[in-house]
Amino acid sequence: MSNYKMNTKCVQAGYTPGNGEPRQIPIIQSTTFKYDTSEDMGKLFDLEAEGYFYSRLQNPTNDYVAAKIAELEGGTAAMLTSSGQAANFFALFNICESGSHIVSSSSIYGGTFNLISVTMAKMGIDVTFVSPDCTEEELNAAFQDNTRAVFGETIANPALTVLDIEKFAKAAHEHGVPLIVDNTFPTPVNCRPIEWGADIVTHSTTKYMDGHGAAVGGAIVDSGNFDWMAHKDKFPGLCTVDETYHGVVYAERFGKEGAFITKCTAQLMRDLGCVQSPQSAFMLNLGLESLHVRMPRHVENAQAVAEFLEQHEKVAYVNYSGLPSNQYYERAKKYMPNGGCGVVSFELKGGRKAAEAFMKQLKLAAIETHVADARTCCLNPATSTHRQMTEEQLIAAGVPAGLVRISCGLEDKEDLIADLKQALEAIN
Ligand SMILES: *Cc1c(COP(=O)(O)O)cnc(C)c1O
C-alpha cells in the first residue's frame with residue numbers, strides 16, 4: 001500500500017483480504033487465542049514469534065487499523081490505545097521514568113497539560129513548558145541532562161497555535177531525544193509531522209479520525225527514524241535487557257523500525273492495559289475510510305465561519321490559522337498547505353458573560369466537550385475543559401475566559417453562519 005496516495009490509503013490500507021475472506025475488517029471479539037502446544041505459545045511470551053494470545057496486549061482488529069494509521073502517517077509501526085490520553089501517556093512513559101524530564105510546548109490540550117504537569121510529576125517526571133513561539137535559544141535553554149522527550153501539538157487544542165515542527169525537531173535531535181507530536185487536529189490528511197522531523201506521532205482518534213463522535217480511542221505511530229542505540233545511556237528501557245521477556249533488548253531485536261511500539265505494547269499494555277476494544281477499532285476504521293473526504297469540508301466550513309466572525313463587531317478576535325491576519329498563517333501554509341482543521345476559536349468582547357449568553361442562544365451548534373465531529377459543536381473552555389487552571393495558566397495556554405471554541409462539522413456553512421449570527425445578536 002505504501003506507494004498509493006493518501007486517499008487510497010484512507011480507504012484500503014491496513015487490511016487486504018485473501019480469497020473468500022471478509023471484505024470489511026473482521027471484528028475479532030475474543031479475549032484470547034488458542035494454540036496447539038505450550039511451546040507455540042511460549043514463543044509469543046518470549047517475543048520470538050508474532051501472534052496473539054490475549055487481547056489486552058494485541059488484537060488482530062486493532063492491528064489492522066493501527067497498520068492503516070501507520071501508513072497514513074508514513075511511520076513504520078503503530079498501536080491503538082483506549083484513548084488519546086493513554087496514547088500520550090504511553091508515548092512519554094515508554095521513554096521516561098522517575099528522574100526524567102520532558103520539554104513540552106505550553107500550548108497543549110488541557111488533559112495532556114494535567115497529565116504531564118500533575119500526574120506525571122507525581123511519578124517523579126519533571127517538565128519545562130516553553131511557548132510554542134519561543135526562540136531557538138529559549139528552546140535550547142529548556143533542556144537538561146535528564147531530558148528524554150520533547151512534546152507538542154501540531155495545532156493545539158484549543159488555543160490553535162501551530163507548532164514549528166522543524167524547529168522543535170532540530171532542538172530535540174541536537175539534545176539526543178525524540179520529538180513527540182500530537183497530530184490529532186490536522187490528521188495525516190492535512191499534516192504529516194514525520195516528514196518534518198517528528199519521531200513519534202500520537203492521536204486522539206476520538207476526534208477527526210473517528211469523526212462521528214462514536215468511539216473514544218488513541219493511536220501512537222513510530223517514524224522508525226530515531227536511533228535509540230546512538231543514545232543508549234538515555235534510553236535504557238529500549239537499549240538494555242528486559243528481564244521480563246527473557247533478556248530481550250528491544251532496540252537490538254526490533255531495530256529502529258519496531259523497538260518503540262514493541263516495547264510499548266509488551267510492557268505498558270501488559271502492565272497498564274489501556275487497550276482499545278476491537279468494536280471501537282472497527283468504528284474507527286469506518287471513520288478513516290472517509291477521512292480524506294471529510295477533512296476538506298471541515299476546513300471549508302471553518303474558513304467560512306472564521307471569515308464571518310472576524311468581521312463581526314461583538315468579536316474581539318478570531319483564532320484560525322487559515323486567516324491571513326492570524327499570526328500562524330505563514331507557518332500553517334508551510335506545514336498544512338490544504339488547511340488545518342475545522343476548529344475555530346474566538347474571544348467575545350464581553351468576556352465570560354457574553355460567552356454565556358452566546359452559548360445559550362445557539363440552536364444548531366450544540367454545547368459539547370468535544371471537537372472534530374460531523375456535527376458542529378461549541379465550548380467555553382474556561383468553564384469546562386480548562387476549569388482546573390488558574391487565570392495565569394489560562395492566559396499562558398492562550399485560553400482567556402471569553403474564549404469560545406467552535407468545531408465546524410459537515411453541515412452547510414450557510415446554516416452554521418446563520419446560527420452564529422442570531423446567537424451573537426442575543427448578546428447585549
Ligand atoms: C482530545 C484530545 C486528547 C485526549 O484524547 P482523548 O481521546 O479524549 O483521551 C489529546 N490531545 C488532543 C490534541 C486532543 O484534542
Side-chain angles (χ1 to χ4, degrees), residues 62 65-66 69 73 79-93 102 104-120 132 149 151-163 165 168 179-188 190-191 193 198 200-221 268 272-277 280-281 283-284 287-288 291 295 298 302 319 321 335-336 340-345 368-373 377-379 381 384-386 388 397-399 403 405-408:
N62 292 16
V65 183
I69 295 173
E73 286 289 3
M79 65 195 279
L80 301 187
T81 57
S82 54
S83 66
Q85 284 299 111
N88 283 325
F89 175 56
F90 276 24
L92 289 163
F93 199 58
I102 296 163
S104 174
S105 164
S106 60
S107 184
I108 54 175
Y109 178 64
T112 314
F113 184 87
N114 235 25
L115 166 70
I116 297 177
S117 64
V118 180
T119 299
M120 292 184 74
F151 182 86
E153 292 177 10
T154 317
I155 299 178
N157 175 10
L160 304 179
T161 55
V162 176
L163 192 72
I165 303 172
F168 275 69
L179 171 64
I180 302 174
V181 172
D182 181 332
N183 196 36
T184 296
F185 268 21
T187 82
N190 283 340
C191 182
I200 308 291
V201 174
T202 58
H203 282 277
S204 166
T205 62
T206 318
K207 312 294 164 53
Y208 290 111
M209 283 193 166
D210 169 300
H212 299 77
V216 173
I220 308 172
V221 183
L268 300 187
L272 300 168
C274 306
V275 71
Q276 188 166 137
S277 89
S280 294
M283 282 191 272
L284 167 58
L288 291 171
L291 185 65
M295 287 311 291
H298 282 293
N319 258 343
S321 57
Y335 292 109
M336 295 165 273
C341 64
V343 184
V344 176
S345 66
E368 284 173 32
T369 309
H370 195 44
V371 287
D373 184 327
C377 57
C378 244
L379 186 82
S384 52
T385 49
H386 284 57
Q388 79 281 2
V399 197
L403 191 86
R405 178 183 74 185
I406 177 166
S407 169
C408 299

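As a basis for the values below, the full set of heavy atoms in this structure was taken, side chains included, without hydrogen atoms, waters or symmetry mates. Whatever order the structure lists ligands and atoms in, that order sets their numbers, starting from 1.
In this structure, the salt bridge (charged side-chain N to carboxylate O under 4.0 Å, His left out) partners of D373, at least two apart in sequence or on a different chain, are R375.
Of the possible donor and acceptor atoms, one in the side chain of Y335 sits under 3.5 Å from a partner among the backbone N and O of I165. Side-chain atoms of Q85 come within 3.5 Å of backbone atoms of G111 as a donor-acceptor pair (strictly under, hydrogens ignored).
Protein residues having a heavy atom under 4.0 Å from any atom of ligand 1 are S83, G84, Q85, N88, Y109, T112, E153, N157, D182, T184, F185, S204, T206, K207, G217, listed by chain and number.
Partner Y109 forms a side chain to side chain contact (heavy atoms under 4.5 Å, CB included) with one of N157, L115, D182 and no other, that one being N157. With respect to F185, the side chain to side chain contact (heavy atoms under 4.5 Å, CB included) criterion is satisfied by exactly one of N190, V162, V371, T154: V371.
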Note to self: Could you go through S204 and T206, starting from their C-alpha distance and side-chain angles, then the distance that decides it, and tell me whether this counts as side chain to side chain donor-acceptor pair (under 3.5 Å)?
What the structure shows: CA-CA 5 Å; S204 166; T206 318; 3.2 Å; yes
